[in-house]
Amino acid sequence: MKLKTLFIAITMGLSLGVSAKEVKKPINTDVSMVSWMGKKKLINDAHNGKIKVKEGSVVFDKKGQPLSAEVIIDMTTITNEDLKDKKYNEKLVSHLSNADFFDVSKYPTSVLNIKNFEKITAAKDAKVKDLNLYKATGELQIKDKKKPIEFEVTITQDKGAHKGLGKLTIDRTLWDVRYGSDSFFKGLGDKVIANDIALDFELVTKN
């Protein structure tokens, strides 16, 4: 009986030791946001907007260094910010939301899953001046496709909350978003839409 009690105590102690090394902080969805920008390939025509974060969390070690993160993006909240005409604005948002693009009724969320943060230091890159710069690696799920991604993110802390700013450019066709792409359709003329979409992440944790 004593041996069993000792074994349980040791096991609990080890478990507590592991969990004590990590802190999971939820993302503040009121202030976190994803910005997007897409453009035509042959003419100077671009659109941009925002998408809300539905939920997520970031895991830190006991020293406050980021370890991993999961961000669930609410694709039903896509907006456009450059078109001032309400009719055309709504038309574009409706098109982005339908099956030609992100098919949000079928795939209401996308997921950014960061599996590792590697701190970028001047020793690794002489151009680095930002002491809070990290290389984030993981995968991005859009629709039912998961693809590996890698991008740089700056993480700062203020009054217990962490703020991450990152930029990522993706080839949308890898996630089966092919509308207007001359990689798959011919004879589009100046209506060709570039495959690349620029994404800017602004993620803030709760205190």
Side-chain angles (χ1 to χ4, degrees), residues 24 26-42 45-59 66 68-83 88-117 135-153 164-204:
K24 179 184 283 190
I27 288 175
N28 186 340
T29 57
D30 292 333
V31 294
S32 297
M33 191 68 62
V34 179
S35 300
W36 64 267
M37 195 275 286
K39 58 185 179 181
K40 293 284 182 67
K41 184 175 181 178
L42 302 178
D45 185 18
H47 295 297
N48 65 277
K50 295 186 182 297
I51 315 173
K52 292 183 179 180
V53 174
K54 184 175 183 178
E55 60 182 301
S57 60
V58 184
V59 177
S68 62
E70 182 180 57
V71 183
I72 299 175
I73 303 164
D74 188 350
M75 300 301 292
T76 68
T77 66
I78 294 175
T79 64
N80 167 264
E81 295 193 326
D82 63 274
L83 291 176
Y88 287 109
N89 188 300
E90 291 178 349
K91 183 178 179 180
L92 175 62
V93 170
S94 177
H95 196 190
L96 292 173
S97 300
N98 73 24
D100 281 344
F101 284 92
F102 298 105
D103 202 0
V104 302
S105 61
K106 186 175 181 180
Y107 306 103
T109 60
S110 294
V111 181
L112 173 65
N113 189 352
I114 301 175
K115 300 178 180 181
N116 183 62
F117 289 94
K135 181 175 74 173
T137 55
E139 64 182 16
L140 176 63
Q141 178 179 340
I142 300 176
K143 294 186 173 181
D144 58 351
K145 304 294 183 182
K146 294 181 181 180
K147 300 294 180 180
I149 48 94
E150 179 181 301
F151 62 101
E152 292 183 354
V153 56
L165 298 175
K167 295 178 180 292
L168 173 63
T169 299
I170 64 170
D171 178 348
R172 62 189 174 92
T173 64
L174 297 177
W175 287 266
D176 281 346
V177 183
R178 300 179 176 182
Y179 181 86
S181 169
D182 60 357
S183 298
F184 298 91
F185 305 100
K186 305 303 178 185
L188 297 173
D190 61 5
K191 298 184 183 299
V192 175
I193 301 173
N195 290 343
D196 286 350
I197 297 177
L199 302 174
D200 286 15
F201 297 92
E202 182 175 349
L203 305 174
V204 182

Item to check | Close side-chain approach of Lys115 to Ser68, heavy-atom, < 4.5 Å | outcome: no
Next on the checklist: Does Lys40 have more than 12 heavy atoms from other residues, nucleotides or ligands lying within 6.0 Å of its NZ?
Outcome noted: yes
Next on the checklist: Suppose we screen for side-chain hydrogen bond (donor to acceptor under 3.5 Å, both in side chains). Which residues come up paired with Thr173, at least two apart in sequence or across chains?
Outcome noted: Asp171
Next on the checklist: Would you say that Val177 contacts Phe102 through its side chain, given a criterion of any heavy-atom pair below 4.5 Å between the two side chains?
Outcome noted: yes
Checklist entry - Does Asn116 have any side-chain hydrogen bond (donor to acceptor under 3.5 Å, both in side chains) partners at least two apart in sequence or in another chain, and if so, which? => result none
Checklist entry - Is a donor on one side and an acceptor on the other found under 3.5 Å between the side chain of Lys143 and the backbone of Phe101? => result yes
Next on the checklist: Using the salt bridge (charged side-chain N to carboxylate O under 4.0 Å, His left out) criterion, which residues pair with Lys191? Sequence neighbours excluded.
Outcome noted: none
Checklist outcome for this item: By salt bridge (charged side-chain N to carboxylate O under 4.0 Å, His left out), Lys167 pairs with (sequence neighbours left out) Asp200
Next on the checklist: Once side-chain hydrogen bond (donor to acceptor under 3.5 Å, both in side chains) is applied, what residue pairs with a partner in residues 98-114 remain, sequence neighbours excluded?
Outcome noted: His95-Asp100
Next on the checklist: Main chain of Ala194, side chain of Arg172: is a donor-acceptor contact present, judged purely on distance under 3.5 Å?
Outcome noted: yes
Next on the checklist: So that I know where these two stand, are Tyr179 and Phe185 an aromatic pair - ring centroids less than 6.0 Å apart?
Outcome noted: no
Checklist entry - By salt bridge (charged side-chain N to carboxylate O under 4.0 Å, His left out), which residues pair with Lys135, not counting sequence neighbours? => result Glu118
Next on the checklist: Holding to side-chain contact (heavy atoms from CB on, under 4.5 Å), I want the full list of residues that pass it with Ser183, two or more places apart in sequence or in another chain.
Outcome noted: Ser181, Asn195
Checklist entry - Near Tyr88 OH, under 6.0 Å, is it more than 12 heavy atoms from other residues, nucleotides or ligands? => result no
Item to check | Closest heavy-atom pair and its distance - Ile78, Val93 | outcome: O-CG1, 3.4 Å
Checklist entry - Any side-chain heavy-atom pair from Ile72 and Leu112 closer than 4.5 angstrom? => result no
Item to check | side-chain contact (heavy atoms from CB on, under 4.5 Å) involving Gln141 - partner list, sequence neighbours excluded | outcome: Val111, Lys146
Checklist entry - Mind checking what makes salt bridge (charged side-chain N to carboxylate O under 4.0 Å, His left out) contact with Glu202, not counting sequence neighbours? => result Lys163
Next on the checklist: Going by the rule side-chain hydrogen bond (donor to acceptor under 3.5 Å, both in side chains), which residues pair with Lys41 if we only count those two or more places apart in sequence or in a different chain?
Outcome noted: Asp182
Next on the checklist: For Ala69, give me all partners under side-chain contact (heavy atoms from CB on, under 4.5 Å), at least two apart in sequence or on another chain.
Outcome noted: Val58, Ile114, Phe117
Show the atom names and distances, to 0.1 Å, of all donor-acceptor pairs under 3.5 Å that link a side chain in residues 30-37 to residues at least two apart or in another chain.
from, atom 1, to, atom 2, distance (Å)
Ser32, OG, Asn28, O, 2.8
Ser32, OG, Val204, N, 2.9
Ser32, OG, Val204, O, 3.4
Ser35, OG, Lys50, NZ, 3.0
Trp36, NE1, Thr79, O, 3.0

Next on the checklist: Are the side chains of Ile170 and Leu199 in contact, using a 4.5 Å heavy-atom criterion?
Outcome noted: yes
